[in-house]
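Worksheet: the structure to be examined is printed underneath.
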Amino acid sequence: MTQESHSLGQFDFAGDDHVVPFQVEGLDVRGRAVQLGPMLDAILERHNYPLPVARLVAETVVLTVLLGTSLKFEGKLIIQTKSNGPVDLVVADFSTPDRVRAYARYDEAALAQAVERGDTQPQDLLGEGILAFTIDQGAHTQRYQGIVPLDGASLEEIAGVYFRQSEQIPTKVRLGVAELLDRDENGKPRHRWRAGGMVAQFLPEAPERMRQPDLPGGDGAEDMPAEIDDLWDEARVMVETIDADELTDPMVGTERLLYRLFHERGVRVYPPQPVYDRCTCSRERLRDVLASLSQEEIDASLEDGAISVTCEFCSTTYRFEATEVRPQ
């Protein structure tokens, strides 16, 4: 079934925490854009991360949402870093159709030194290592994983490398994060987070038009007509002009931003997809995991006759009495 599309003015704007698919027919470009507000606030406030870590997690969440909402099957997308920087681990995952969660692990002393040096960009905090994109379609299926090195590039650039290597689709990604300092309805100071992002991909009807010189099968740049090359160049340059403030500005909105960029080329938007701060942990799942442990492992984990497990994503603590998890 073909998904209905709209021109601006035909329906209410999506607002925060809704991914907006779009198509620019004049440029053979498709993509998704999003602005995150309350959902992101809930994730970050739960963990009370230092500001540089919160920004890094926010970027990762935006990237995960943009890519996860493209899944056409029931499953999960996991984006995870493993590196030698002050923030040695960041994990964000998207479970279809709309669940998002994330957390980070960092070394307080190393982070303080990085902040003192002024090394607070995401690539500074991560250092060297890998960024893994994992697609899990559930039981009885094989996971797909793409791994890209962390080598000082931004998350935007790394995502572009992932698409070139794994899908061989010309892709441009933009990410932005902002802090808002204002007052609540009672006049009290309030700190909030916002983030936004866009992914645009060159997807012409003729596959040969996507060939790139730096990819297998794309060694003949001269085989690509100049006007086709120009289409992607035009789209890429347009996306590169987006300022971080535009991506996060609540007064601009996702649809307005798309109109600013592409209206001369005929941009169309599709019904927005909501995303929520919803962890996939549950008491039943954790009990099954604990029940699979040996008696010795359970005894070693007991404290005051019970085992307490805290989910790293949502910080929920589950307490199990020994009788609940003893092996049968």
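FYI, the numbering just counts along the sequence from 1.
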Query raised in the report: Do the side chains of R194 and Q35 get nearer than 4.5 Å, heavy atoms only?
Result: yes
Query raised in the report: Under 3.5 Å, is there a donor-acceptor pair linking the side chains of Y144 and Q137?
Result: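 Per modelled atom types, Y144 and Q137 side chains form no pair under 3.5 Å.
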Query raised in the report: Would you call the rings of W193 and H191 parallel, tilted or perpendicular if under 30° counts as parallel and over 60° as perpendicular?
Result: perpendicular
Query raised in the report: Between H47 and Y103, what is the ring plane arrangement, given parallel below 30°, perpendicular above 60°, and tilted in between?
Result: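 Ring orientation, 0 to 90° scale: tilted.
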Check this for me: [X], atom [atom1], are more than 12 non-hydrogen atoms of other residues, nucleotides or ligands nearer than 6.0 Å?
| X | atom1 | value |
| --- | --- | --- |
| Q145 | CD | yes |
| K82 | NZ | no |
| D304 | CG | no |
| E284 | CD | yes |
| E108 | CD | no |

Query raised in the report: How far apart are the C-alpha atoms of T317 and T310, what are their side-chain angles, what is the distance that settles it, and do they pass the side chain to side chain donor-acceptor pair (under 3.5 Å) test?
Result: CA-CA 4 Å; T317 298; T310 300; 2.8 Å; yes
**Report entry** F22: ring-ring contact (aromatic ring centres under 6.0 Å, His included) partners, not counting sequence neighbours
**Finding:** F262
Rounded distance (nearest 0.5 Å) linking atom [atom1] of [X] with atom [atom2] of [Y]:
| X | Y | atom1 | atom2 | answer |
| --- | --- | --- | --- | --- |
| E255 | H18 | CD | NE2 | 10.0 Å |
| T254 | L36 | OG1 | CG | 9.0 Å |
| E59 | S154 | CD | OG | 7.5 Å |
| L302 | E321 | CG | CD | 9.5 Å |
| I130 | S83 | CD1 | OG | 9.0 Å |
| R283 | C281 | CZ | SG | 11.5 Å |

Query raised in the report: Run the side-chain contact (heavy atoms from CB on, under 4.5 Å) check on F202 and K172 step by step: do they pass?
Result: CA-CA 9 Å; F202 187 51; K172 187 64 184 178; over 6 Å; no
**Report entry** Residue among T241, V267, V24 satisfying side chain to side chain contact (heavy atoms under 4.5 Å, CB included) with L261
**Finding:**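 Output: one option passes, namely T241.
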Report task. May I ask you to say whether E179 pairs ionically with R55, meaning some side-chain N is under 4.0 Å from a carboxylate O? Result -> yes
**Report entry** With R46, the side chain to side chain donor-acceptor pair (under 3.5 Å) member among T316, D277, D41
**Finding:**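 With R46 as partner, side chain to side chain donor-acceptor pair (under 3.5 Å) holds for just one option, D277.
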Query - Nearest non-hydrogen partners of K76 and L71, listed with the distance - result: C-CD1, 4.1 Å
Report task. Using the side-chain contact (heavy atoms from CB on, under 4.5 Å) rule, take L131 and Q80 through it: C-alpha gap first, then chi angles, then the decisive distance, then the call. Result -> CA-CA 6 Å; L131 178 64; Q80 176 176 334; 6.0 Å; no
Report task. Please assess T280 against R101 for the test side chain to side chain donor-acceptor pair (under 3.5 Å), listing each intermediate value before the final yes or no. Result -> CA-CA 8 Å; T280 56; R101 61 181 190 168; 3.2 Å; yes
